[in-house]
Structure formats: structure tokens, C-alpha cells
Amino acid sequence: MKRLDTESGKEFSYYSDIPTLERYYQKQYDLIKKGNTDLVSLELVMLGNALDFISFVKDSFGISLNAQEKSIFMYDEVMDALSRGIINANLFDKDNNIAKKAGAYLGFIIIANVGGKWNDTENGEAVIISGREVYVMDFAQKRLSPETELNAADYFKAVKTLKTKS
């Protein structure tokens with residue numbers, strides 16, 4: 001999926017390496033701080049949340065996540081560790097909601113590998129694929145429950161089928 005950097009006209013992919021995405025996000029954020037508020041979008045907010053989750057996982061677990069589909073397995077391992085309380089933190093804290101950031105990262109992987117786009121629906125943020133709403137935030141929150149049997153790899157496989165059902 002191509003995105004346009006509005007200042008330089010340069011295109012890049014969500015599948016770019018993480019440092020490239022971080023530079024893009026920082027550049028957009030700096031432009032917004034200078035008053036270019038038309039750059040504020042749900043997509044940019046979710047990219048920021050996904051990058052925050054990637055940074056949190058790197059700092060807390062030493063695991064490097066990226067946009068590759070195989071990262072979904074590492075995501076599941078991280079979510080297992082978080083649901084078992086390996087990191088003693090409030091995962092649903094209002095100011096630093098790891099569940100929301102984990103959902104944004106899941107959306108990031110889905111958009112990079114399956115396609116779709118972020119949309120703010122009546123029921124919250126969702127990735128829209130072939131007209132269907134995929135509520136990754138809800139999945140992430142449920143996945144962090146200690147008694148869950150949810151699996152992100154299976155969820156991702158199910159979401160991939162939406163692309164072919166249009």
C-alpha cells in the first residue's frame with residue numbers, strides 16, 4: 001500500500017523497514033506541530049501507535065517486530081507473555097494503552113500484507129478490507145485476557161480470506 005509524503009512527494013510502502021517508517025512518522029508529526037494540521041489522520045495516529053508497540057516490544061523483550069507476515073508469530077508470543085503478566089503494567093491504562101497499541105500493530109501487519117485501510121466506525125477503529133470491518137483493537141484487548149484461547153496467527157489467516165471474498 002502506497003502512502004504519500006506530502007512535503008517531498010516521495011512515495012513509500014507500509015512494508016518499508018521500521019526506521020524508514022519512524023522517520024516518515026516523525027516528519028509528519030513535525031509538520032503537524034508547525035501547523036500543517038491537514039496531515040492529522042486516523043492512519044497516522046495508528047501508525048504512531050503501531051510504532052510505539054514495536055518500540056515497547058523491542059525494549060521489553062528484545063524482539064524486533066516488522067511488517068512481514070511471519071512477525072504475527074512473534075506478536076502471539078509477546079501477547080502470551082503480556083497476558084501471563086510477564087510485564088507488570090496496566091495493559092489498559094488510559095494514557096499508555098498497550099492493548100490499543102497492540103491492536104494498531106496488528107492492523108499495521110494486516111494493511112501491509114493483506115491490504116485495507118483504517119476507518120473510524122461507530123464501533124471504534126477498524127481496518128476495512130473489501131468492505132468488511134476488522135476490529136483489531138477488540139481482538140488485541142481480548143487476546144490480552146489471561147483466560148483467552150485466541151491466536152493471532154489464526155485470526156490473521158481468517159482476515160486474509162476477506163481479500164478474496166470481495
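A quick note: this is a predicted structure, and the numbers were derived from the prediction, not measured.
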**Q** With heavy-atom distances below 4.5 Å as the criterion, would you say the side chains of F108 and L21 are in contact?
**A**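 With C-beta onward as the side chain, the pair touches.
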**Q** Checking N119 side chain against T121 main chain: does a donor-acceptor pair fall under 3.5 Å?
**A**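 No, N119 side chain to T121 backbone: no donor-acceptor pair under 3.5 Å.
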**Q** What residues form a side chain to side chain donor-acceptor pair (under 3.5 Å) with E22, not counting sequence neighbours?
**A**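 With sequence neighbours excluded, E22 shows a side chain to side chain donor-acceptor pair (under 3.5 Å) to no residue whatsoever.
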**Q** Checking side-chain polar atoms at under 3.5 Å, does E77 have a donor or acceptor matched by the opposite partner on Y75?
**A**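 No, no side-chain donor-acceptor contact under 3.5 Å.
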**Q** When you compare the side chain of R143 with that of D80, does any pair of heavy atoms fall below 4.5 Å?
**A**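 The answer is yes, as the side chains (C-beta and beyond) meet within the 4.5 Å cut-off.
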**Q** So, the side chain of D52 versus the backbone of K101: is there a donor-acceptor pair under 3.5 Å, distance only?
**A**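 It does not hold such a pair.
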**Q** Indicate yes or no: at least one non-hydrogen side-chain atom of M79 is less than 4.5 angstrom from one of L144.
**A**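 The answer is yes, as the side chains (C-beta and beyond) meet within the 4.5 Å cut-off.
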**Q** Contact between I128 and V134 at the side-chain level, heavy atoms closer than 4.5 Å - yes or no?
**A**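 Side chain of I128 against side chain of V134, heavy atoms only: no contact under 4.5 Å found.
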**Q** Tell me, please, which residues at least two apart from L42 pass side-chain contact (heavy atoms from CB on, under 4.5 Å).
**A**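 Counting only residues at least two positions away or on another chain, L42 forms a side-chain contact (heavy atoms from CB on, under 4.5 Å) with M46, W118, D120, E125.
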**Q** Quick one: does Y105's side chain have a donor or acceptor within less than 3.5 Å of a partner on A67's backbone?
**A**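 No; zero donor-acceptor contacts below 3.5 Å.
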**Q** For Y155, what residues pass the ring pair (Phe, Tyr, Trp, His ring centres under 6.0 Å) criterion, not counting sequence neighbours?
**A**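 In terms of ring pair (Phe, Tyr, Trp, His ring centres under 6.0 Å), with neighbours along the sequence ignored, Y155 is linked to F139.
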**Q** Return yes if a side-chain donor-acceptor contact under 3.5 Å exists between D17 and T20, otherwise no.
**A**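 Their side chains do contain a donor-acceptor pair, which is all the 3.5 Å distance test asks for.
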**Q** F56 vs L82, test: side chain to side chain contact (heavy atoms under 4.5 Å, CB included). Steps then yes/no.
**A** CA-CA 12 Å; F56 166 78; L82 291 172; 4.0 Å; yes
**Q** Just by distance, no angles: are the side chains of S16 and Y24 close enough, under 3.5 Å, to form a donor-acceptor pair?
**A**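 Y24 and S16 do not have a side-chain donor-acceptor pair below 3.5 Å.
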